[in-house]
There are 2 protein chains.
Amino acid sequence: MKSHQITIIDIAKALGISKSTVSRALTGNPNIKSETMEAVIEMAKKLDYQRNLHAISLITRKSNTIGIIVPEFLSSYFPKVVIGAQAAATAAGYNVIISQSNETYATEVANTQVMLANQVDGIIVSMTKETLNYDHFKIFQRKGIPIVFFNRVCDEMAVPKVMVDDYDGAFKAVEHLLSTGKRRIAHLAGPNSLSMSVRRLNGYLDALKKNNIPIDEDLIIPYDLTIGKVKIYVNHLLQLKHPPDAIFAINDPTAIETILVIKKIGLRIPQDIAIVGFSNDYISSIIEPSLTTLSQPVEKIGETAITLLLDQMNRNVSDWKAVTKVLKTDLVIRNSTVASLL
Amino acid sequence: MKSHQITIIDIAKALGISKSTVSRALTGNPNIKSETMEAVIEMAKKLDYQRNLHAISLITRKSNTIGIIVPEFLSSYFPKVVIGAQAAATAAGYNVIISQSNETYATEVANTQVMLANQVDGIIVSMTKETLNYDHFKIFQRKGIPIVFFNRVCDEMAVPKVMVDDYDGAFKAVEHLLSTGKRRIAHLAGPNSLSMSVRRLNGYLDALKKNNIPIDEDLIIPYDLTIGKVKIYVNHLLQLKHPPDAIFAINDPTAIETILVIKKIGLRIPQDIAIVGFSNDYISSIIEPSLTTLSQPVEKIGETAITLLLDQMNRNVSDWKAVTKVLKTDLVIRNSTVASLL
DNA sequence: CTGTTAGCGCGTTCAA
DNA sequence: TTGAACGCGCTAACAG
């Protein structure tokens, strides 16, 4: 069971030199004869030598590892962010450990503990929809380990954040619906625990106000993002005395489900009711009618989060900056709001 | 920059006892007074103490970590496998580090090095479509670190593997098409580097043979899974002198793209041409017409891979078993082969 | 350019 | 039941 690990000592013995020389050769120390350097490297390769990162971390107090915590892996959104983040981290010479929280607070807490135990040099995080207590994140601050939030950020912590302009995106979505002649626009909103939901709601409200459309509280339904419930809310909306002629959904999965429900009922999209989503998931261009939505620069979000993190890691704790990067969304107009497109 | 880490010594000092006692208390050693035990645990919590896994790994020569390497994160397939695997690993008390290879051989090699440097206790792997050389995996065997393949397995290594019954799935797909009256069934196949492709191809061929349908080489097109190329192949097939009346695609993304291309051309699905995919991605039930495909027990695959891995980890190297688990697929019949299904 | 020494944080002997 | 001492593999001083 316990395999023999090849160590620096093995190389040193095989070559008849000291361990420190081997260590120097392996770390690219300049004060070393090029012959010995080559000999060491060759022997290392021959013996399948692998530096033991645990030993190195123990000394340097750095693990050369960045942690990524995402709330879920089921939508295409977070995997793409992870890809962007991983690329940026790798380019900077860092390893990455990823964990997903299953949209569960307890799992998220456990994940942060894994990160701490692994002595990560920093983490980027998007929270679960359940997360209301942030103590498990504050530990990182206290320990001097930088933390950067993206997408689902923690408002009460003064740390770097990467977000898209949710307010602006929602605003654009609603103005687009108004421009197609819709007037009773409902909003399937997200939970208030996510500040993102609140920003999108505000964009929705302000777009209506700016255009002198009265706000009807009956048309605003916050829900917990459990897809199975969409059907209930859509049916409810359609049975109102004055039903909506458009629905702006908090995200694409919600919008897709809305489309499916409405199609089953037999209403025409967009003539009877138009739909707009948020995020431009892969499926949104394929469903019929294709979904009008706001596209996000997904990989760029991951990349930016890592960039901010690396910046923090290179500073003293006393010198940390809590910048917030806000990336723009693009309105992608498709058939769920404009039938005549192609 | 260098943050002060809370160590056992800090706890020992604060309590005025020895480090070894603290260590024992923290590891649940029975030879310890319950009072001191409690005192230590309380102080540890108070000081936000986190055990340094690097130090522990250095001593125990175990990292308590399992590595997962997947070829990509873009389809919904691998994220789901990862979820299953992670759950099983966590349940067994292991941490997990995930990396994705971007379908690139070089990245995959780099990922294995990260795993080795992190001293993982074992890994589960699904290879990239490019991988033809397996030296980077064989290192694990030589070092006595168990490795388990899933889905995209390495035929030339005698290690545990988890697969679905690709042959049987393909066979069922083709027999289903035949049962709907189709006779010229094309196959958009995968690259030969993936043994999975070969097994699906064989299932396709044998189903035709069994039913005395002549095999037409023109109808079999292997490709490298680059979705952008599907359009070319589908157009090519449709322009044959005797075009196919059905297409069995190697996987769902290929099948989806095929549907989109055919719809654009204006042919009717399934009347003019029927389509079958493989894997039952989320999108397959939503596209119109919905896609007939083979569903895989995705999370079960990840879970099974971890189970096999844990089993290997508990054995001596000399006692390793190279079992192969084959999980069954289910044919999910939808409108892309049977129009009348509501 | 190279060898020697100390010690990173912790688990684990061996004594007491 | 506790304490002291050793060493996991490696890097970073300090001497040559």
Side-chain angles (χ1 to χ4, degrees), chain A residues 1-41 43-44 47-65 116-121 143-145, chain B residues 1-41 43-44 47-65 116-121 143:
Chain A
M1 249 184 93
K2 201 168 280 186
S3 57
H4 175 65
Q5 206 195 329
I6 310 293
T7 71
I8 279 192
I9 300 187
D10 296 309
I11 301 181
K13 272 192 194 150
L15 258 40
I17 57 178
S18 81
K19 310 151 209 176
S20 38
T21 305
V22 174
S23 171
R24 277 189 274 262
L26 257 23
T27 50
N29 189 312
N31 300 332
I32 209 163
K33 229 198 307 183
S34 58
E35 304 164 35
T36 36
M37 176 89 118
E38 283 167 29
V40 167
I41 297 199
M43 182 57 74
L47 297 180
D48 255 353
Y49 168 77
Q50 283 281 344
R51 296 163 75 191
N52 187 325
L53 288 194
H54 298 299
I56 298 176
S57 301
L58 201 53
I59 298 172
T60 61
R61 289 150 153 283
K62 288 198 46 184
S63 61
N64 219 43
T65 300
L116 285 176
N118 277 84
Q119 313 286 124
V120 292
D121 299 331
K143 286 190 181 285
I145 302 171
Chain B
M1 253 185 90
K2 200 169 281 185
S3 57
H4 176 66
Q5 205 196 327
I6 309 294
T7 72
I8 278 191
I9 299 187
D10 296 311
I11 301 180
K13 272 192 193 150
L15 259 42
I17 58 177
S18 80
K19 310 148 207 179
S20 35
T21 305
V22 174
S23 171
R24 277 188 273 261
L26 257 23
T27 51
N29 189 312
N31 300 331
I32 207 161
K33 227 196 308 182
S34 58
E35 305 163 34
T36 36
M37 176 90 119
E38 283 166 28
V40 167
I41 295 194
M43 182 58 73
L47 296 180
D48 253 356
Y49 168 77
Q50 282 282 341
R51 298 162 75 187
N52 187 325
L53 287 194
H54 298 299
I56 297 177
S57 300
L58 201 54
I59 299 174
T60 61
R61 287 151 154 283
K62 287 197 46 184
S63 62
N64 218 42
T65 300
L116 285 176
N118 276 81
Q119 313 284 122
V120 292
D121 298 330
K143 286 190 181 285

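Every chain is numbered from 1, with letters handed out A, B, ... down the list of sequences.
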Contact interval (first through last nucleotide) of DNA chain C with protein chain A, 4.0 Å heavy-atom | C:dC1 to C:dG9

The reported gap from CG in A:D10 to CG in A:L15 (rounded to nearest 0.5 angstrom) is 11.5 Å

Outermost nucleotides of DNA chain D that come under 4.0 Å of a non-hydrogen atom of chain B = D:dT1 to D:dG9

What closest approach, in Å, do B:L58 and A:A55 show between heavy atoms, and which atom pair accounts for it?
-> CD1-CB, 3.6 Å

Could you grab the distance from atom CD1 of A:I145 to atom CG of A:D121, nearest 0.5 Å is fine?
-> 8.0 Å

Roughly how far, to the nearest 0.5 Å, is the NZ atom of A:K33 from the CD atom of A:E38?
-> 11.5 Å

To the nearest 0.5 angstrom, please state how far the OG atom of A:S18 sits from the CD1 atom of A:I9.
-> 11.0 Å

Inter-axis angle, terminal five-pair segments of the helix from C:dC1-D:dG16 to C:dA16-D:dT1 [nearest 10°] | 40°

To the nearest 0.5 Å, what is the distance between CD1 (B:I56) and CG (B:N64)?
-> 9.0 Å

Near DNA chain D, under 4.0 Å by heavy atom, which residues of residues 21-38 of chain B?
-> B:T21, B:R24, B:N31, B:I32, B:K33, B:T36

If you look only at pairs with a residue in residues 48-57 of chain B, which of them pass as a side-chain hydrogen bond (donor to acceptor under 3.5 Å, both in side chains), with sequence neighbours excluded?
-> A:H54-B:H54, A:R142-B:D48, B:Q5-B:N52

Residue pair B:L58/B:K19 against DNA chain C: nearer the 5' end by closest nucleotide is B:L58

Among A:I41, A:L47, A:V40, find the residue that satisfies the side-chain contact (heavy atoms from CB on, under 4.5 Å) test when tested with A:M43.
-> A:L47

Select from B:A55 and B:S20 the residue whose nearest nucleotide in DNA chain D is closer to the 5' end of that strand.
-> B:S20

Residues 23-32 of chain B, side-chain donor-acceptor partners within the protein, below 3.5 Å, at least two apart:
unit_1	atom_1	unit_2	atom_2	d
B:T27	OG1	B:S23	O	2.9
B:T27	OG1	B:R24	O	3.1
B:N29	OD1	B:N31	N	2.9

How would you label the contact of B:I17 with the nucleic acid (heavy atoms, under 4.0 Å): base, sugar-phosphate, or nothing?
-> sugar-phosphate

